[in-house]
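What you see below is based on every heavy atom in this structure, not just the backbone, and it leaves out hydrogens, waters and symmetry mates.
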Amino acid sequence: MAGPRLPVPRLAGVSQEQFMQQLYPQRKPLVLEGIDLGECTSKWTVDYLSQVGGRKEVKIHVAAVAQMDFITLWFHNVISEEFGVGVNVFWRHLPSECYDKTDTYGNKDPTAASRAAQILDRALKTLAELPEEYRDFYARRMVLHIQDKAYSKNFE
């Protein structure tokens, strides 16, 4: 049984900085209006994709409703207001030893990233043993430590 439909906020005039700092971290659906999406709206035509893809065989699934990728059991929930085409692109540009050798379709994160996420999950479970105000303090301290040690200065 489907749950109630919730309205999706519509925003116009959002800068990339606003999106990255305020909206993206919330991980909630929204409609961005008047955004310049760059070349993908003009360059990614059928002719262009045919030219760069050459004769590579690709599997496609066309549906007018929310769909599910049966290979990965990953749901794609999309409400299209006009006709659109969705394309999942998987690439592996790191050396092959960085990836799980059993990952046929390229859906998994690099193994180092997967291990780091598992370690983070264990750390968060450990923090859960603390009272709320301590947990909050140390979690924020961990986030700052991650930002200081892992964030690239090239994307600021």
For T102 and K108, the nearest pair of non-hydrogen atoms, with its separation, is OG1-NZ, 3.7 Å
Ignoring hydrogens and geometry, is there a side-chain-to-backbone donor-acceptor pair from R10 to V31 under 3.5 Å?
-> no
Could you tell me whether E17 atom CD has more than 12 heavy atoms of other residues or ligands within 6.0 Å of it?
-> no
In Å, rounded to the nearest 0.5 Å, how long is the span from CZ of F19 to CG of L11?
-> 10.5 Å
Using modelled atom types only, decide if a donor and an acceptor are shared between the side chain of Y99 and the backbone of L94 within a distance under 3.5 Å.
-> yes
Evaluate the side-chain proximity of Q22 to V14: yes if any heavy-atom separation is below 4.5 Å, no if none is.
-> no
How many angstroms lie between NE2 in H145 and CG in D148, if you round to the nearest 0.5 Å?
-> 7.5 Å
Co-membership, hydrophobic cluster, residues I146 and Y138, 4.5 Å side-chain = no
Is D136 paired with R140 through a side-chain N to carboxylate O contact shorter than 4.0 Å?
-> yes
Scanning both residues in full, the closest heavy-atom pair of M142 with A123 reads CE-CB, 3.8 Å
Answer yes or no: are there more than 12 heavy-atom neighbours, outside Q147 itself, under 6.0 Å from its atom CD?
-> yes
Can you measure from CG (L124) to CD1 (I119) and round to the nearest 0.5 angstrom?
-> 12.0 Å
Approximate separation, where rounding is to 0.5 Å, of S15 OG and L23 CG | 9.0 Å
